[in-house]
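A quick write-up on the structure given underneath.
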Amino acid sequence: MALDLETREQLLETVRRFVRETCVPLEAKVAEEDRVPDDVIAQMRELGLFGLSIPVEYGGLGLTMEEEVLVAMELGHTSPAFRSVIGTNVGIGSQGVVMFGNDAQKREWLPRLASGEVVSSFCLTEPGAGSDAASLKTTAIRDGDDYVVNGTKRFITNANRAGMFTLMARSDPQRKGASGISAFIVPAGTPGIHVGKPEKKMGQQGAHISDVVFENARVPAHLRLGGEGEGFKVAMQVLDRGRLHISGVCVGVAERLIGEAVAYAREREQFGQKIGEFQLVQAMLADSKTEAYAARCMVLDAAKRRDAGESVTMEAACAKYFASEMVGRVADRAVQIFGGAGYVADYGIERFYRDVRIFRIYEGTSQVQQLVIARNLLKGD
Ligand code: COS
């Protein structure tokens, strides 16, 4: 159920203060040390951020999609690495359990995911299966009361901190495409699971991705999510939702960068006047504002439609496509307005420029979003 407007505003104000007072001053340190401090993570737990999307009966805040994207927009006002700490518990790591878990699975896992006691990760991507997720090769072969899992998952966010994986694996190796895939809850302590070292990345230092290798890892059959062969649909529906959340973060980052660019344009002088008085600079600010506003409207509309029970596969793809491309352009213009200072690390603008690049890639590339949009149009949805 939706929060009343006053409670909603209080929640957003609490997140806004946490972002501005705690996270923003730590941005450079987190990037340099490649880690979010434990006391900040503890504050996130206290604020309930790990459980934004988990139903109240399992200890979460049970936000609607609209409320969740509004929170995501607030979290976007700082380095995306902070959001990544809670991102998998709120989205792709937990939602398979929320949407497809049975009562016992929900009772066992959701309260601990909501509190942040357990971190979850989403194991879909493999070395040979990125955009073409249905070609994944990791197998989960039934053996008595267990499934035996073998394979390698790649670029798995938060795997190094995970206590639980939502895994997509091929339970029927005879079936090549989507229909042979099942989804599982896999406790991270299961023998036969090896998590690799975090990758060195272009941006978002403080957020970690690693390989997860399964070698004869035995997963009890009662931890399968949904029916045999339903795993691809689990993954797609989880991603439909996740794409809206990421779009909200893109809007937040864009608004932060517009704020920075406006402040700089008001203060920096060239040719005897503030650079904000030059129409060519004004044009850049106006383009950024227009696009960020359009993305905000799109994300909120799609989220409201989802809350009303509509299928929003196409709208979520439209929002993710537009918002992630939009924030790339906004970050580029912010660098341009800052000029040389935009290219220098001390100002932090170049860091955002690098950080936002992944938004056009993860949870489905822009090209995958285009494909989803066009397919839905052509099939008449
Ligand atoms: N909701 C529910 N079911 C869905 C769905 C959705 N959003 N999207 C697809 N499906 C179903 C289809 O209906 C189809 O089921 P049937 O065979 O019963 O009709 C099945 O899943 C296969 O769908 P499709 O034929 O569209 O699969 P494709 O292999 O062509 O792949 C794309 C579709 C490319 C859209 C998918 O692989 C994808 O999203 N790839 C990107 C993955 C991604 O985001 N990776 C990021 C890593 S996670 S951070």
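As the structure lists them, so they are numbered: ligands from 1, and atoms in each ligand from 1.
Checked by atom type, the side-chain pair Arg333/Ser288 shows a donor-acceptor distance below 3.5 Å. Side chains of Glu126 and Thr138: a donor-acceptor N/O pair is present below 3.5 angstrom, by distance only.
Atoms of ligand 1 found under 4.0 Å from any heavy atom of Thr313, numbered from 1 in the order shown, are 7 (N). Below 4.0 Å from some heavy atom of Glu363 lie the following atoms of ligand 1, by number and element: 44 (O), 46 (C), 49 (S). Set against the non-hydrogen atoms of Ala134, the atoms of ligand 1 under 4.0 Å away are 29 (O). Below 4.0 Å from some heavy atom of Ser131 lie the following atoms of ligand 1, by number and element: 34 (C), 37 (O), 38 (C), 40 (N), 41 (C). Shown in contact with Val372 at under 4.0 Å from a heavy atom are these atoms of ligand 1, numbered in order with element: 35 (C).
Ion pairing of Glu260 with Arg256 is present here, as a side-chain N (NZ or NE/NH1/NH2) and a carboxylate O approach within less than 4.0 Å. The existence of a salt bridge linking Lys29 and Glu32 is excluded, since no basic side-chain nitrogen approaches an acidic carboxylate oxygen closer than 4.0 Å. Under a 4.0 Å N-O distance rule, the pair Asp34/Lys200 does not qualify as a salt bridge. Using a cut-off of 4.0 Å between Lys/Arg side-chain N and Asp/Glu carboxylate O, Arg306 and Glu68 are scored as not salt-bridged. A salt bridge does not link Glu228 to Arg175: none of the charged nitrogens lies less than 4.0 Å from a carboxylate oxygen. Ion pair Glu363/Lys320 not flagged as a salt bridge, since none of the NZ, NE, NH1 or NH2 atoms sits closer than 4.0 Å to an Asp/Glu carboxylate oxygen.
Among the atoms of Gly364, some N or O lies under 3.5 angstrom from an N or O of ligand 1. Backbone and side-chain nitrogen or oxygen atoms of Thr125 are examined, and none is located within less than 3.5 angstrom of a nitrogen or oxygen of ligand 1. Residue Asp240 places at least one N or O, backbone or side chain, under 3.5 Å from an N or O of ligand 1.
At a 4.0 Å heavy-atom cut-off, ligand 1 touches Ala178 through the side chain alone. With a heavy-atom cut-off of 4.0 Å, Arg243 touches ligand 1 through its side chain alone. Neither the backbone nor the side chain of Thr157 has a heavy atom within less than 4.0 Å of ligand 1. Contact annotation for Thr365 and ligand 1: no heavy atom of the residue comes within less than 4.0 Å of the ligand.
Note on ring orientation: taking the six-membered ring where Trp is involved, the planes of Phe271 and Phe278 are perpendicular (angle over 60°, cut-offs 30° and 60°).
Scanning all protein heavy atoms for the shortest distance to atom 21 (O) of ligand 1 gives Phe232 CD2, 3.3 Å. Nearest protein heavy-atom contact of atom 19 (O) of ligand 1 is Lys233 NZ, 5.0 Å.
For atom 47 (C) of ligand 1, the nearest protein heavy atom is under 4.0 Å away. Proximity of atom 12 (C) of ligand 1 to the protein is not indicated, since no non-hydrogen protein atom lies closer than 4.0 angstrom. Under the 4.0 Å distance rule, the nearest protein heavy atom to atom 24 (P) of ligand 1 falls inside the cut-off.
The 12-atom threshold is exceeded at CZ of Phe322, counting heavy atoms of other residues, nucleotides or ligands nearer than 6.0 Å.
Between Met236, Arg375, Gln237, it is Arg375 that holds the heavy atom closest to atom 31 (O) of ligand 1.
Remark: Arg142 is positioned above the aromatic ring of Tyr147, its terminal NZ or CZ atom under 6.0 angstrom from the ring centre and at most 45 degrees off the axis.
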